[in-house]
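One-based numbering, in listed order, for ligands and for the atoms of each.
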Amino acid sequence: MIAPLVIGNWKMNMLVSEACDLALSLANNSFEGVDVVIAPPFTSIYPVSQIIKESRLGLAGQNFYSGSKGAYTGEISIEMLKDVGCSHVLIGHSERRQLFNECNENINRKVQLATQMGITAVVCVGETQRQREEGNTLDVIKDQLSKALVGLSGQSLAFVVIAYEPIWAIGTGINASPAQVVETHKFIRKFLFESQEFSENIEPRILYGGSVNAQNCKQLLCEEEIDGALVGGASLNFESFYAIIKSCVGA
Ligand code: 13P
């Protein structure tokens, strides 16, 4: 059985000193049986990488640009993320899709680049409230997934994690119910095995994100279909994030 994976997405929060304090608290604690990754904002990635380098914590970028290098003012490449020690990168987060017009083609290009570099692409998918109400959740997920993963080889797929984050659950305090998550994760798993070149020894992890907290985490993570959590707000504070990590042990 693979260990649960918990990723803390710090989004656009925390100054360098705050990020380093939180990283240090996490690095000083153990979390046997759970894989933990933190995704600080760009300004904190390098100092945080130095703090956690002897620990079991993984490091993720929250985004990157799909060019390799050159005249792209304000952008960060996947090679730069690798250079500062990132093992993971978030791709296609709904905030990037909605606020920064990220399209599926660009997301696919990023997934290709990250996986070729041996960096795990955490591919985010999820429906709006309206899409759910209209009964279109699974069609939306299928469309996002098929476009994000098109052209990926079996080898690259070993570096893919899917994060199901219903948009209506992000930052609202209303998490999807375990039954809703299980239904969608089952669909994602079936889709991946039927349409992608997953070999038998590649088991894609499927995470849930959206108002995960120390209270609801255990109930979600004890579902066999849910391989971990992508946590926003509750990852900004040591107590709440560590409680989430702890609740995953043995889940
Ligand atoms: P919240 O946990 O704050 O709902 O955010 C979820 C998320 O967007 C993680 O990427």
If you count the atoms of ligand 1 from 1 in the order shown, which ones are under 4.0 Å from a heavy atom of [X]?
X: His93; value: 7 (C), 8 (O), 9 (C), 10 (O)
X: Asn9; value: 9 (C), 10 (O)
X: Ala169; value: 4 (O)

Identity and distance of the protein heavy atom lying nearest [atom]:
atom: atom 5 (O) of ligand 1; value: Lys11 NZ, 3.3 Å
atom: atom 3 (O) of ligand 1; value: Gly233 N, 2.8 Å
atom: atom 2 (O) of ligand 1; value: Gly232 N, 2.9 Å
atom: atom 7 (C) of ligand 1; value: Glu165 OE2, 3.0 Å

| said: If you measure every N or O of Thr172 against every N or O of ligand 1, does any of those distances drop under 3.5 Å? | reply: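 No, no N or O pair falls under 3.5 Å.
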
| query | Is the shortest N/O to N/O distance between Gly171 and ligand 1 below 3.5 Å? | reply |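 Yes, at least one N or O pair falls under 3.5 Å.
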
| field | Single-linkage hydrophobic cluster Val36~Leu230, side-chain heavy atoms < 4.5 angstrom | value | no

| Is it true that Val125 and Ile7 fall in one hydrophobic cluster, defined by side-chain heavy atoms closer than 4.5 Å? | no

| query | Is any NZ, NE, NH1 or NH2 atom of the basic residue among Glu102 and Arg96 found under 4.0 Å from an Asp or Glu carboxylate oxygen of the other? | reply | yes

| Salt-bridged, Glu225 to Arg189, with N to O below 4.0 Å? |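 So Glu225 pairs with Arg189 through a salt bridge.
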
| Does the Asp139 side chain pair with the main chain of Gln131, one donor and one acceptor, at a distance under 3.5 Å? | no

| query | Does Ser156 reach the main-chain N or O of Leu152 with its side chain, forming a donor-acceptor pair under 3.5 Å? | reply | no

| query | Does ligand 1 have any atom sitting under 4.0 Å from a heavy atom of Ala234? | reply |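 The answer is no, since Ala234 has no heavy atom less than 4.0 Å from ligand 1.
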
| task | Check Ile170 against ligand 1 and report side chain, backbone, both or neither, counting heavy atoms closer than 4.0 Å. | result | both

| request: Compute whether any side-chain donor of one residue and acceptor of the other, for Lys147 and Gln144, lie under 3.5 angstrom apart. | output: no

| query | Any chance the side chains of Gln62 and Trp10 put a donor and an acceptor closer than 3.5 Å? | reply | no

